[in-house]
Amino acid sequence: MNDTIKGRVSRRRLLNWAAALGALMTLPARAWATGSRPETAFDATALDQALMALGQTPTRHEGVIFTTPDIAENGAVVPIRVEVDQTVLPNVSKVSVLVEMNPNPLAAVFDIAPGTEVYIETRVKVAQTGNLYAVVESDGQLFMASRETKVTLGGCGG
Amino acid sequence: MAGRIKIRAQKKGELTEVKALMRHPMETGMRKDQAGESIPAHFITEVAVLHGDQTVMQAHWGAAVSANPFLGVRFQGGQSGDAVRVVWTDNQGGTGEGETTIR
Amino acid sequence: MRATLRRITLVVWIGVAPVAVSEDLASVIHASFSDSGQATLMRLEQDPLQQRCSQPRDERVDDDIAMALRQERLNAVVFPEDGNFLGDWQRGSAVAASGRGLQSNDDPSIANGGNCYACHQLAPTEVAYGTLGPSLTQYGLRGQSEAMLRYTWTKLWDTHAFNLCSHMPRFGAQKILTEQQLKDVMAFLLDPNSSVNQSAEGPSSAH
Amino acid sequence: MRRQSDDAMTLYRFVMMIPRWWLLLLMVVPALADEGIFDQYRDLMGDDNPAIFVIDEGEEFWVQSQGPSAVTLEACDLGLGAGVTRGAYAQFPRYFADTDRVMDIETRLLYCMETLQGRDREVIAAKPYSLRGDFGTELEALVTWLAAESEGMTIAPEQAHPKERAMYAMGEEIFFYRAGPHDFSCATCHEQSNKRIRLQQLPNLTEHTEVAEAYGSWPAYRMSQGLVRTMGWRLQDCFRQQRWPGLIFGSEVSIALQTYMAVNAAGGVMTAPGLKR
């Protein structure tokens, strides 16, 4: 990471930032429709509940390309990637990531602007071995892919 | 103190690839400290990636995103020298911001 | 050079065995640690076996003292009073999986684990196993003859009775596991129904 | 005899019962069981290491005026002269005439905080490392930055002074010292190559290449803890898992073992801060 900047924020920058946040609130409405935070889905304590709260039961679709490790070195940090084959799933506006065995399965929802690739990388916590789900919204319909990730115990006192 | 962000933004053909690391504990609220006291929930709830003044992606996060979160996204239309910003807010009212230019 | 020096030291040790550690080293070690929960400074005192085994692997020699020590360990093994070696394999499976116990931060009122998976492959469905010890998958194929039961019990109770200076803990002799836990681990190894003695179920579980 | 051949027959039958796809699996499993088991995970992780924040924080602590004397640490002598940070980490542990003892970088930093800034050594030594729920300590940050100041440099601990050589010899003795209810020494896990504990690869710390790679990658960001940990912490936590009492920060045993590892690693390259499970 050579090309980085420090984010320590001076008062002046903070003011700039407040302006940016203002812009963030108003701009998207003009450019594209971002969803509000799906609180009910985040509060859900079971996978079915969380999926229901996202709108409808998603259909499995090969166009959702979901990459997770088969075995994670540690459950606290599990790298994941969600991509979509846009020739079969066009106009994707939303990507959600769920972890079946977590106390609250919904981990993250990404609102995608038109022109943004459907390509999300992040790292999530996985409480124990189980399925991870990627759910995408394409033309108002929900599609998903799932993958099992094994979470392993550490060595000496695990 | 506002949280720090490290960002790389690189032109890859038609696309601009953004990779960001954010300095944040992402506490779930379910852990206890050494003394047995509950550690309060403290996690980023909203993140946005902006190209110039256009939001290319906005995310809603729960506490299941890992500590010191990593985010990678790709968008079309960026030019070398354009500004890319990542901003976040957390459940305790904290904020973070980072900015870089596309290489 | 250093290895040669060590070997000379070793010869001296054996001559006056088993006074191994210089007072200097012992006092440095004592001054470098502090009581922490159940892990007190008492634990730094070496017994004769620990003294004897504090050498690099490739510098251990098999001599009369080693033979005597082995015999002493063998004589000290306590077999189950009721003559019953085999407990519940499922409980044994849990003992094998748990690595907690006897650390400074462990609650002494909760049973210790055996942490077998740290070093051994056991049930083939568990992929997170260590390789410091040999694989024990399909251990039950060795049968349940009296000799096999006594051999296995002895290995668990005090491995040094057969293999002096082995890296494995003395689960019985050092009271890491209770007699009942040892019986359960015995069943985990030897019961034909135990997961140790099954084959992995299919692509997804072995994956 | 009878028994043995029965067993052999059972084994033979068992092998013959295995369907073909199962044989394929048998070929796959050993491959997974090897070092490469986390390759896929590591590939997906990439090299974005959150320790990058801690490096910045350490540099800021270095130039921050603190303590009754209200001065920075910039006059601290880490062995290469007052204020020289570049390459200093790679030469620790080393003998310092001003204290007449061999010091590791962590105790040297405390010495500077005490002598330059007038801070209470005991207070800092009482909590050098993060506890659960913390987000890093000053010492962790300083050590991380200083390790980054040696990135790419050759590990070259001093061994000229008799006390430095004595420290190495003591470290070697301690490495093999078995004690505690489990009879564990450092060597129990770290004197053989190509061994794992659960799925974690164990470095052979008596072998140059492996100890160089291991020693040179600390301090490291521990993903399981969301924190950067230092070599001093690593040793404390090893002894906890060895079922020994608590290793005292800056103790002779801690410095002796660091000397043992650093000298065995000499000639290797500093790659810290690492990214570990």
Side-chain angles (χ1 to χ4, degrees), chain C residues 2 6 21-22 24-25 28-29 31-37 39-47 49-51 53-57 99 101-105 115 117-119 121 124 127-132 138 141-143 145 160 165 167-170 174-176 199-200 202-203 206-207, chain D residues 3 6-7 10-11 14 17-18 21-22 24-26 28-29 32-34 37 168-170 172-185 187-189 191-192 194-202 206 236 239-248 250-257:
Chain C
R2 212 182 320 270
R6 273 204 148 273
V21 179
S22 67
D24 197 25
L25 182 65
V28 164
I29 289 179
S32 294
F33 290 86
S34 60
D35 291 342
S36 181
T40 63
L41 290 173
M42 288 276 290
R43 292 188 178 182
L44 298 174
E45 307 292 342
Q46 290 183 311
D47 68 16
L49 182 100
Q50 290 172 332
Q51 281 181 21
C53 296
S54 292
Q55 298 126 34
R57 279 169 81 80
L102 294 164
Q103 296 169 124
S104 54
N105 59 319
N115 209 15
Y117 280 107
C119 302
Q121 183 180 26
V127 294
Y129 60 86
T131 57
L132 282 160
Q138 305 292 346
L141 284 180
R142 303 180 196 196
S145 65
H160 304 275
C165 298
H167 281 166
M168 182 167 149
R170 294 171 274 173
Q174 295 282 69
K175 298 188 167 62
I176 297 166
S199 55
H207 192 56
Chain D
R3 171 115 218 151
D6 279 352
D7 281 350
T10 314
L11 189 64
F14 175 70
M17 267 162 43
I18 301 171
W21 61 264
W22 229 103
L24 273 174
L25 249 175
L26 286 178
V28 172
V29 171
L32 269 180
D34 275 324
I37 196 160
Y168 177 88
M170 189 183 292
E172 186 180 39
E173 293 279 333
I174 296 160
F175 187 82
F176 292 100
Y177 188 97
R178 293 181 75 164
H182 284 58
D183 308 324
F184 287 156
S185 65
T188 306
C189 289
E191 69 165 326
Q192 294 170 272
N194 303 315
K195 298 288 181 187
R196 302 191 321 233
I197 186 155
R198 286 279 189 168
L199 286 174
Q200 266 61 59
Q201 204 69 29
L202 294 162
T206 68
Q236 283 191 348
F239 281 114
R240 178 183 66 81
Q241 293 171 111
Q242 277 173 241
R243 276 75 181 173
W244 285 33
L247 179 66
I248 296 168
S251 61
E252 295 283 286
V253 163
S254 175
I255 293 164
L257 285 170

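Any value given below was found using the heavy atoms of this structure, including those in side chains, with hydrogens, waters and symmetry copies removed.
- Chain C forms more heavy-atom pairs under 4.5 Å with one residue of D/S251, D/G250, D/G246 than with any other, namely D/G246.
- With a 4.5 angstrom heavy-atom cutoff, D/S185 does not touch chain C via any of its atoms.
- The shortest non-hydrogen separation linking D/T188 to D/D183 is OG1-O, 4.1 Å.
- Between chain D and the residues C/A39, C/S34, C/G37, C/S36, the most heavy-atom pairs under 4.5 angstrom are made by C/S34.
- Proximity to chain C is limited to the side chain of D/F184, based on heavy atoms less than 4.5 angstrom apart.
- For the options C/C119, C/C53, C/S104, heavy-atom pairs under 4.5 Å to chain D are most numerous at C/C53.
- A 4.5 Å side-chain heavy-atom check between D/R196 and C/Y129 finds at least one atom pair inside the cut-off.
- Partners of D/Q192 by side chain to side chain contact (heavy atoms under 4.5 Å, CB included), not counting sequence neighbours, listed by chain and number: C/R57, C/L132, C/H167, D/K195.
- When the candidates D/G180, D/P181, D/S254, D/A256 are compared by the number of heavy-atom contacts under 4.5 Å with chain C, D/P181 comes out ahead.
- Partners of D/T206 under the side-chain hydrogen bond (donor to acceptor under 3.5 Å, both in side chains) rule, at least two apart in sequence or in another chain, are D/N204.
- Among C/L41, C/L44, C/L49, the residue making the largest number of heavy-atom pairs under 4.5 Å with chain D is C/L44.
- Annotation: side chain of D/Q242 is not in contact with side chain of D/H182 (no heavy-atom distance under 4.5 Å).
- Across every non-hydrogen atom of C/Q50 and C/S54, the tightest pair is O-OG, 2.8 Å.
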